[in-house]
Amino acid sequence: MTDPYKTLKAEVIRVTDETSNIKSFLLKPAQKFSFKTGQFVQFTVPGIGEAPFTPSSSHFKKDEIEITIMKAGRVTSKIHELKPKDVIGIRGPLGKGYPLEEFEGKEILILGGGVGMAPLRCLLLSLLEEKDKYGRLLLLYGSKTPGDIVYAGQFADWEKRGAEIYRSVDRCDTGEWKEKKGVVTCLFEGLKLNPDNGVAVVCGPPIMMKFGTMKLLEVGYKPENIYLSMEKNMSCGIGKCGHCACGKYFACKDGPVFKYSVVKDIEGIWD
Amino acid sequence: MKFIDKKDFMGFVSALSADADIFYPKVSADTSDWAKWQTGDKFSLDGHRTILPVKYFFYSPQENLRAKKRRPAIIFGARGCDTRGLELLKKIYLDDPEDPYFRKDILMFTADCTSAHPDCFCSALGERPRAEKDFDLNFSPLGDGYLIEAGSEKGKEILRKNSERLEDASETHKKELLNMRAATEKTVNGQNNGVTLDMQKLKEKIETRNAAFENYGKTCVSCSACTTVCPACFCFFLSEGAENKIRYADSCQLPGYARVAGGGNPKKELISRFMHRFGCKFSWRPSMHNNLGCTGCGRCIAGCQGKINFKEALIAVSKS
């Protein structure tokens, strides 16, 4: 019997500073590692602990995976100390990813905030890889300040490959910002969308997910066409330990991607 | 159905101990808890549930997740509430991907309750004070012996191997069995005033915030005794050991249970954690696992440091 708690060794190949508190880690697993976009892995720092992350690299890449991580707690602080050649563990892939087959032929709106761009980058890269299968592809991305934008150097390339990109920052204290100012929902202003034949995917801090979802509903998206990546305390990752309970669902096994129509009546989903 | 005389019972236990570790309910003062059988120990299967449920035989409250060499085990005297709790635990732990550390080498030799703990309320959930399935052998205590029913091939095999100690159950034994079972049911029913909760109605009520929760949750101190002694609570926390993962029993009643990195916590409020336990037991597990998360054993009532009577809370919620 395979042991679902056993980790696969992976070597750190490259560490990229994305912002002052966000880094991307390019990992080479000891064997080929397949996952679907939106699925997550448990990142194990041996002897320290585990934390769940959705890879930010395309699911078409099997030899290496990249994971973008914000320093936010005990385990992520240790992860931020990692250097190339360090060996860590990954466990997964876990959960259900984005149902890409349901997105085919549709306009896809990706709404991201802050480090929530990490799983969305995986989605975006996977969609761009097979761009012809999908309709118009829009990315609306908000961050606190220009300095907090993750993957800052990559947006131009995504645009070139066919994504429409709109960005906002909450504020810009220093330097110059020629794009929109305001919380991410301000990007909807004047934007022509096709919610009747479109899906929206949201990932970001809980408050942004809440208001982002409200905005999507306001502009005409149906609850069953809004996909949310739920951040919960996932410990076992396989639907046994109970921590990630999201009402009757276990976010690790039944999610982490949920349609808004499925979770909308669960108390505390935005907390 | 077979019958074993009580004077032959310890010889039967002794014979089984050659191949397995034996655990039994050891009585001390007015209660009982699990003990490992040693040569010379004597025990009876009369009475009611132990303080702790059987779940910790199947996984440890603190466990290094690595392959272990150990003898198979036989648990004598688990009650219906234990097997009902175990039914849910198996659905969780053995569902794909299967947890390889959840023990599958334990035989369940259950026993009918012949009395009830004052907190027992299985009858209020529509259950009976005995195991009706999921046992290898079930023992029904009668005056001078036990009626034995086999519930698995392994159980049948053990009865075959020990046939010299057993006799076929007589009509008198079967009559005594019905009387004993009726008497215990009457005891449990009596202490629950004949209440049987409408589980569907309860499920609907439990999904919304309810004044009864606020009222009964007032004295909760988030100590997690209720989940620790519950035969159906399954939560754990996976941690890193030096070489293997370590699993610790965890509780939805503890403040850090749902906290995520960065400090977000959907279960920060005590009342939301108090409600979480009811939601899990009476709504979510029935929906997702087709199994109640409560067995009516009342261990949570006995263990509660805030003197919360969960049975009364359930009745209050269903009446609200």
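Just so it is clear: chains get the letters A, B, ... in the order the sequence lines come, proteins before strands, and each one is counted from 1.
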May I ask you to name which of [options] has the most heavy-atom pairs under 4.5 Å with chain B?
| options | value |
| --- | --- |
| F250(A), W270(A), Y249(A) | F250(A) |
| I48(A), I266(A), T7(A), T76(A) | I48(A) |
| G73(A), G247(A), P4(A), G268(A) | G247(A) |

Which answer fits S239(B), side chain, backbone, both or neither, if we ask what part of it has an atom under 4.5 Å from a heavy atom of chain A?
neither
Atom group of N244(B) that falls short of 4.5 Å from chain A, counting heavy atoms:
neither
Give the minimum heavy-atom separation between [X] and [Y], together with the two atoms involved.
| X | Y | answer |
| --- | --- | --- |
| E231(A) | A261(B) | OE2-O, 4.2 Å |
| F236(B) | C236(A) | CZ-CB, 3.8 Å |
| Y5(A) | P100(B) | CE1-CD, 4.5 Å |
| D271(A) | P266(B) | CB-CA, 3.6 Å |

Straight-line distance of [X] [atom1] to [Y] [atom2], nearest 0.5 Å:
| X | Y | atom1 | atom2 | value |
| --- | --- | --- | --- | --- |
| K240(A) | F102(B) | NZ | CZ | 10.0 Å |
| K253(A) | M288(B) | NZ | CE | 9.5 Å |
| N233(A) | F237(B) | CG | CZ | 7.0 Å |
| C241(A) | Y93(B) | SG | OH | 8.5 Å |
| D250(B) | S235(A) | CG | OG | 8.0 Å |

Would you say that more than 12 heavy atoms from the other residues, nucleotides or ligands in this model lie under 6.0 Å from the [atom1] of [X], or not?
| X | atom1 | answer |
| --- | --- | --- |
| E214(B) | CD | yes |
| K62(A) | NZ | yes |
| N290(B) | CG | no |
| K203(B) | NZ | yes |
| K85(A) | NZ | no |
| R103(B) | CZ | yes |
| R209(B) | CZ | yes |

Can you tell which part of [X] gets under 4.5 Å to a heavy atom of chain B, answering side chain, backbone, both or neither?
| X | result |
| --- | --- |
| K71(A) | neither |
| D254(A) | side chain |
| V75(A) | neither |

Got E207(B) and D265(A) here, is their nearest side-chain heavy-atom distance under 4.5 Å?
no
With heavy-atom distances below 4.5 Å as the criterion, would you say the side chains of T44(A) and E240(B) are in contact?
yes
Output the option from G279(B), P97(B), G262(B), A242(B) having the highest count of non-hydrogen pairs under 4.5 Å with chain A.
P97(B)
Closer than 3.5 angstrom, by distance alone: can the side chain of H243(A) be matched with the main-chain N or O of C252(B) as a donor-acceptor pair?
no
Please determine whether side chain to side chain contact (heavy atoms under 4.5 Å, CB included) holds for the pair Q42(A) and L238(B), giving the CA-CA distance in whole Å, both sets of side-chain angles, and the decisive distance to 0.1 Å.
CA-CA 11 Å; Q42(A) 284 285 3; L238(B) 198 62; over 6 Å; no
